[in-house]
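The sequence lines fix the lettering, A, B, ..., with proteins before strands; numbering per chain opens at 1. Hydrogens, waters and symmetry mates are skipped; everything else that's a heavy atom, side chains included, is used.
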Number of protein chains: 2
Amino acid sequence: MPAKPMATPAAGTSSASITNVAALANVSTATVSRVLSGKRAKDDDIARRVRAAASALNYSVNYAASALRSDVTNTIGLIIPSATESLSAQLLDELEQLVDVESQQLLLGIGRDQATQTERMESLMARNVDGLIIIAASGADLAAPLERFAQQTPIVQVGGRQRSFRTSMVSIDENAAMEMTVRHLVSSGVRSVAYLAGKEVSFESAELFAMFHTQMRSYSLATANDWNQFGERTVQRGFHCAMRLFGYGREEITDDFRARPDALICCDDTVAFGAMIALDTIGLRIPQDVRIVGYGDSPLAATTMPQLTSLRPPVGQIAAEARRLIAAGPASPAHITLPPQLVVRGSTTVG
Amino acid sequence: MPAKPMATPAAGTSSASITNVAALANVSTATVSRVLSGKRAKDDDIARRVRAAASALNYSVNYAASALRSDVTNTIGLIIPSATESLSAQLLDELEQLVDVESQQLLLGIGRDQATQTERMESLMARNVDGLIIIAASGADLAAPLERFAQQTPIVQVGGRQRSFRTSMVSIDENAAMEMTVRHLVSSGVRSVAYLAGKEVSFESAELFAMFHTQMRSYSLATANDWNQFGERTVQRGFHCAMRLFGYGREEITDDFRARPDALICCDDTVAFGAMIALDTIGLRIPQDVRIVGYGDSPLAATTMPQLTSLRPPVGQIAAEARRLIAAGPASPAHITLPPQLVVRGSTTVG
DNA sequence: TTGTAAGCGTTATCAC
DNA sequence: GTGATAACGCTTACAA
């Protein structure tokens, strides 16, 4: 059975090109392109022949050639401050799964500051990514490059404060988070609450702090100025704060009940871990004497004793929305806010 | 001043192509290509003119066209089990910095099992990555695809056991890790040690377990079969193990000194955290009564009290070696082993 | 050293 | 709906 001219460049190696497939299927390269890219509805004999030939030759499109001609790279750019940061890592995992479904791939840029992130944006744009997803570094002002590139490709900003009418934004509804946290505590009998806030980008923290006080008032809960404070997201900080708040031990708590909160809201699981250690040291029981809520639902939250109630960022939804907004194109920017999920565990419920 | 024909497509937008630059600099596109890609040594007037024109037009090469013609994509593929896994995340951060220096970019694939990882390898290879770096998922056997693709592009495997003569491998010298850990403990007066090993891929753990015993013998240290065990890498596990080992409290320790180890080697920082909590609960002091060493140098290790001595994986070196091996091409596979760094903190030293 | 021109593999356009 | 053909923007023989 003599092969047609040009039919086979060692069938099985990956170096087959569209002309080989076309020759083997006895159609033109144009038809092959149309069939394989789904631009041709029918599933007739021709379509089957093309697909058969393609798989026989182990053919896959040359992305470079395709991108050159069609300006579609099937590549999504993702810029994050660091892969070791929890939200970024989770988003990476979720996004990778989603984009793979559409046989797209993630091109990664990592930058901890404004300058580096801007540079990465430029690099990725130079590669003609089909979309850009960005978690801005803490304190970075990316307004200018965002504005500039938004005209060329859809951009989705995840979290952060900087609003732009050209780029989309998907963020966590921190106010809802605070509301559901307080509501949960109230429903389990809490009367007074302390808040160990995060200190970083001040505006965001300040807003949350205000929301905390709003919730305190609306549920008629007690709090005190010197209970609440801004600070780092470390175990150490949680430990010190809890020691300061509860340091006198159990006996004295009963003497002066109102001088101590019966619940602690922490800006981060790590802070909660520290507080748990401190309470354990002091001899106060969780949740009987003090209830604790963390933030982030770190993997370690399920391994403490008791397990830590925590707010889980809606990363799956964030990824899905980001994906959707990019598919929608640069013309229709939207701002979306998603509430986290309160994962209730032993640190706020008895039994 | 009439522009030369073809000179400017709205100078400033990014749609400038090499022909525009050539026209503006009054040279051929070939020369522009040579100058900008560094294939032309001299820094004469021509070179300057070309660079000036390029920057005036805000020109950057079209990667798709470049890749199509030259088969170099300036793209490195990276496959990891999950971005939320510590080693993967750190490697991501380190690699991204390194490849950026050569204006390459990372194309990411994430897969937790053999099937997914194999599929991601195929996707990335289909994109003609210039190299592939892989952290194999626990228990995944990638021998077949590795062997297959190693002929087309340089591949570096990070960690793991599967050896191949076609692919390079960079891994952590766990035996050296065990050796330096024990040596450090000995130098601080420890006489008996318990080892809380990791349980996963059994072969690796078993080898380390053997190395532990070798070190015990060579330093004449005491250990007991029921002190050491395999298990999960969780806080909970560390807590339970330590309670089991030390549960009787301080008084009894002094009664039956040799029945308790005076140091704990943990397969993971999380296990060490759990053990620290347990010891605190029991009333034993770290490091005076028990010394503890973790593994992984997690960010939390520096926030415990006392801070945790831990082994830091040589991620920076791993990234650099991987990068180098990929630059070297597929023809020269090498197997490299790098020792971790022992970060000594308060959990093993007084003061 | 420089310019000319031929591709790289694909998709879009245009006839049919 | 299909096939011929012209781009897409770049790199690299080859010729000058």
No-hydrogen, no-angle side-chain donor-acceptor test under 3.5 Å, [X] and [Y]:
{"X": "B:N128", "Y": "B:T73", "value": "no"}
{"X": "A:R323", "Y": "A:Q104", "value": "yes"}
{"X": "B:D173", "Y": "B:T337", "value": "no"}
{"X": "B:T118", "Y": "B:E122", "value": "no"}

Measure from [atom1] on [X] to [atom2] on [N] and round the result to the nearest Å.
{"X": "B:D45", "N": "C:dT1", "atom1": "CG", "atom2": "C1'", "value": "14 Å"}
{"X": "B:R34", "N": "D:dC14", "atom1": "CZ", "atom2": "C1'", "value": "11 Å"}
{"X": "B:N62", "N": "C:dC8", "atom1": "CG", "atom2": "P", "value": "18 Å"}
{"X": "A:Y59", "N": "C:dG9", "atom1": "OH", "atom2": "C1'", "value": "7 Å"}
{"X": "B:K39", "N": "C:dT2", "atom1": "NZ", "atom2": "P", "value": "16 Å"}
{"X": "B:N128", "N": "D:dT11", "atom1": "CG", "atom2": "P", "value": "16 Å"}
{"X": "B:D71", "N": "C:dG7", "atom1": "CG", "atom2": "P", "value": "16 Å"}
{"X": "B:N26", "N": "C:dT2", "atom1": "CG", "atom2": "P", "value": "13 Å"}

Closest to side chain of [X], choosing from [options]:
{"X": "B:I46", "options": "D:dT12, C:dT2, D:dG9", "result": "C:dT2"}
{"X": "A:K42", "options": "D:dG3, D:dC10, D:dG1", "result": "D:dG1"}
{"X": "B:L68", "options": "D:dT12, C:dC8, D:dT2", "result": "C:dC8"}
{"X": "B:I18", "options": "C:dT2, C:dT11, D:dC10", "result": "D:dC10"}
{"X": "A:A65", "options": "C:dG3, C:dA12, C:dG9", "result": "C:dG9"}

message: Are the side chains of B:D100 and A:R120 in contact, using a 4.5 Å heavy-atom criterion?
response: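 Yes; the side chains approach each other to less than 4.5 Å.
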- prompt: Mapping A:T31 and B:S66 to their closest nucleotides on DNA chain D, which lands nearer the 5' end?
  reply: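 Here A:T31 is the residue nearer the 5' end.
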query: Are any of B:S28's side-chain N or O atoms less than 4.0 Å away from OP1 or OP2 of C:dG3?
result: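 True: B:S28 side-chain N/O within range (under 4.0 Å) of C:dG3 OP1/OP2.
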message: Can you tell me if B:S33 touches the phosphate of D:dT11, counting only side-chain N or O atoms and a distance under 4.0 Å to OP1 or OP2?
response: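 So the side chain of B:S33 is within the cut-off, an N or O lying under 4.0 Å from OP1 or OP2 of D:dT11.
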Heavy-atom donor-acceptor pair, B:R69 side-chain to C:dG9 base, under 3.5 Å: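 Flag unset: no donor-acceptor pair detected.
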message: Under 4.0 Å, heavy atoms only, any strand: does B:R40 hit a base, just the sugar-phosphate, or nothing?
response: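 Since only primed, P, OP1 and OP2 atoms lie under 4.0 Å of B:R40, the category is sugar-phosphate.
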